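A short write-up of the structure that comes next.
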2 protein chains.
Amino acid sequence: MKIKEAAEIAGVSVRTLHHYDNIGLLKPETKAENGYRLYSKTDLQRLQQILFFRELDFSLADISSILNSPHFDRTDALKKQHALLQLKKKRLESIINTLEKTIAATEENKDMSAKENFEGFDMSKIDEHRKKYADEVKKRYGSTAEFRESSKRTESYTDRDWKDVTEKGNAILAEIGSLMDEGAGSEAVQMEVEKWRAHITESFYTCKIEILAGLGEMYSSDDRFKKNIDKIKTGLAAFLTEAIRIYCKENN
Amino acid sequence: MKIKEAAEIAGVSVRTLHHYDNIGLLKPETKAENGYRLYSKTDLQRLQQILFFRELDFSLADISSILNSPHFDRTDALKKQHALLQLKKKRLESIINTLEKTIAATEENKDMSAKENFEGFDMSKIDEHRKKYADEVKKRYGSTAEFRESSKRTESYTDRDWKDVTEKGNAILAEIGSLMDEGAGSEAVQMEVEKWRAHITESFYTCKIEILAGLGEMYSSDDRFKKNIDKIKTGLAAFLTEAIRIYCKENN
DNA sequence: TATAAACTATCACGTTACGTAAGGGTCAAT
DNA sequence: ATTGACCCTTACGTAACGTGATAGTTTATA
């Protein structure tokens, strides 16, 4: 499905999809030879998720970190979105109520107290809920600061850049794979972990030690990462996790 | 009432009130000697109006032109806001509906059609309504283009600037007042009308002839303007309207 | 089969409604 | 007399796109 069709179905602009692609929020599954973005059904499902979150005033950075989180649970998300939408509805009803009171007051030429005039506009309850949800995710998977930095930098990446980054990463992983016999704590492996960390810092965001620790655990616990890494060599994911654990202990 | 108190009652930030002052959307009734902004009850009522409009995604420029329009009718506005808020509520309910359907579908492992996934997100009905309302006002009272230009320029006005502008305007009006015997079509009066037009262009926005025509009518029909002008000399408002009518005919 | 119409891409600057400091006065209470 | 809460202006920063400009593709039609 080409971009215009996707945009029309979802009711967003083509520019919006371009933007979401740029910041890495929604990268179409495939890119045709002519450079055209091709959206799949899965992409549209992700887009629906994005729109639900956007309706609830989540920032795109937060949406990004939520959707990309290894702990992301679609069913759970849908339910939390439902709760939040109900809150939003209540707020709206409250505002309508205030408006109706105001109309009544003007018609009867009474006046309302200052506070009464502004009942319902408050957003803090919704904000709180939203923040709580967003924070829950961030604790586990790097803060928004890293995401923002990453988004900013990857925004200007061309297809070529992406390819380079992936290849460079895979090269390091392959090297680590070939060193599995030496043991996770060996100097050679530890040097590669250092390289891996530098690679992340160069390509995405400043990879602080705590972040690296989080990533290390993820590589084994999250299937999406695990599968990709084990594709390079079986057992590599677990080995990498262990190696990073040691690295983080030593460099703390 | 000082700015913080006003902000707290309304549930907006102090910065927001600063901003609204800067763009001329909500200028506090009085300014204390020490420069402090002092908000009155009327100011708060206007702020309530602003918040209602903002809730409906009117741009501040549009809100400005609506609230400043001589044709602004508070009761009418409240009713239209009510209608729009109902539309917004319906949209929200529709989104909730889609969300519930999505939850049900995932639980039963069915899948939904692409279109079904995005039902309710559409804003066009609301947008249309809003635009219609905003346009209604703009037709009568200068377009947003003029308002934007005006806002931009007055943003950097200091108190001194405002005083200068007002005084200069009053001087021209006084001159016209003293020429009332010569007749509205006389060369002397027509020259003053030209000056008046230049004054508006210099101080606020490019005063095209059609805009001037609109303003001319307003000076008599709108009491807020009429009163102020007649303060300078009785009958001046009507005289000015007539003089501008002639000017616009001749310069068309 | 050419050619226009419709769609696609990538820059790159513009916009709206404030947020967020920086630097400096004002006022009430201790 | 000082501290802390409040006020001011100035000015740069941000988010989520909008809006061209320029150029390559694809598809419909003459």
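On a predicted model such as this, the values are computed, not experimentally measured, just so you know. As a basis for the values below, the full set of heavy atoms in this structure was taken, side chains included, without hydrogen atoms, waters or symmetry mates.
Asp76(A) and Lys79(A) are not joined by a salt bridge, as no carboxylate oxygen comes within less than 4.0 angstrom of a charged side-chain nitrogen. Using a cut-off of 4.0 Å between Lys/Arg side-chain N and Asp/Glu carboxylate O, Lys132(B) and Asp135(B) are scored as not salt-bridged.
Phe52(B) is linked by a ring-ring contact (aromatic ring centres under 6.0 Å, His included) to Phe121(A), counting only residues two or more places apart in sequence or in another chain. Contacts of Asn170(B) classified as side-chain hydrogen bond (donor to acceptor under 3.5 Å, both in side chains), with partners at least two apart in sequence or in another chain: none.
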Please set out all donor-acceptor pairs under 3.5 angstrom arising from side-chain atoms of residues 44-51 of chain B, sequence neighbours excluded.
unit_1: Arg46(B); atom_1: NE; unit_2: Leu25(B); atom_2: O; d: 2.8
unit_1: Arg46(B); atom_1: NH2; unit_2: Leu25(B); atom_2: O; d: 2.9
unit_1: Arg46(B); atom_1: NH2; unit_2: Asn68(B); atom_2: OD1; d: 3.0
unit_1: Gln48(B); atom_1: NE2; unit_2: Thr102(A); atom_2: OG1; d: 3.0
unit_1: Gln48(B); atom_1: NE2; unit_2: Asn117(A); atom_2: O; d: 3.1
unit_1: Gln48(B); atom_1: NE2; unit_2: Asn117(A); atom_2: OD1; d: 3.1
unit_1: Gln49(B); atom_1: OE1; unit_2: Gln81(B); atom_2: NE2; d: 3.3

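His18(A) has a side-chain polar atom (N or O) that falls below the 4.0 Å cut-off from OP1 or OP2 of dA9(C). OP1 or OP2 of dC27(C) sits under 4.0 Å from a side-chain N or O of Asn34(B). Within the 4.0 Å cut-off from OP1 or OP2 of dT9(D), at least one side-chain nitrogen or oxygen of Lys31(B) is found.
Going from atom CG of Asp57(B) over to atom P of dA17(C) covers 10 Å, rounded to whole Å. dG18(D) atom P lies 13 Å from atom CG of Asn22(A), rounded to whole Å. Distance Asp21(B) CG to dC7(D) C1': 13 Å, rounded to the nearest Å. Atom pair Ile3(B):CD1 and dC27(C):C1' shows a separation of 17 Å (rounding to whole Å applied). If you measure from atom NZ of Lys4(B) to atom C1' of dC8(D), you get 16 Å, rounded to the nearest angstrom. When the C1' atom of dC7(D) is taken as reference, atom CE of Met1(B) falls 16 Å away, rounded to whole Å. For the pair Glu33(A) CD and dG24(D) P, the interatomic distance rounds to 18 Å; values are reported in whole Å. For the pair Leu17(A) CG and dT10(C) P, the computed distance is 13 Å after rounding to whole Å.
In this structure, CD on Glu128(B) lies 10.0 Å from CG on Leu87(B), to the nearest 0.5 angstrom.
Near DNA chain D, defined here as any heavy-atom distance below 4.0 Å, the residues from residues 35-45 of chain B are Gly35(B), Tyr36(B), Arg37(B), listed numerically.
Without hydrogens or angle criteria, Ser221(A) side chain to Glu217(A) main chain gives a donor-acceptor distance under 3.5 Å.
Sorted by first then second residue, the salt bridge (Lys or Arg N to Asp or Glu O under 4.0 Å) pairs that include residues 9-18 of chain B, not counting sequence neighbours, number zero.
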Check: protein-nucleotides 18-20 of chain C nitrogen or oxygen pairs below 3.5 Å:
unit_1: dC18(C); atom_1: OP1; unit_2: Arg54(B); atom_2: NH1; d: 3.2
unit_1: dC18(C); atom_1: OP2; unit_2: Tyr20(B); atom_2: OH; d: 2.7
unit_1: dG19(C); atom_1: OP2; unit_2: Ser13(B); atom_2: OG; d: 2.9
unit_1: dG19(C); atom_1: N7; unit_2: Arg15(B); atom_2: NE; d: 3.3
unit_1: dG19(C); atom_1: O6; unit_2: Arg15(B); atom_2: NH2; d: 3.0
unit_1: dT20(C); atom_1: O4; unit_2: Arg15(B); atom_2: NE; d: 2.9

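Between Asp43(B) and Ser40(B), the side chains place a donor N or O and an acceptor N or O closer than 3.5 Å (distance only, hydrogens not considered).
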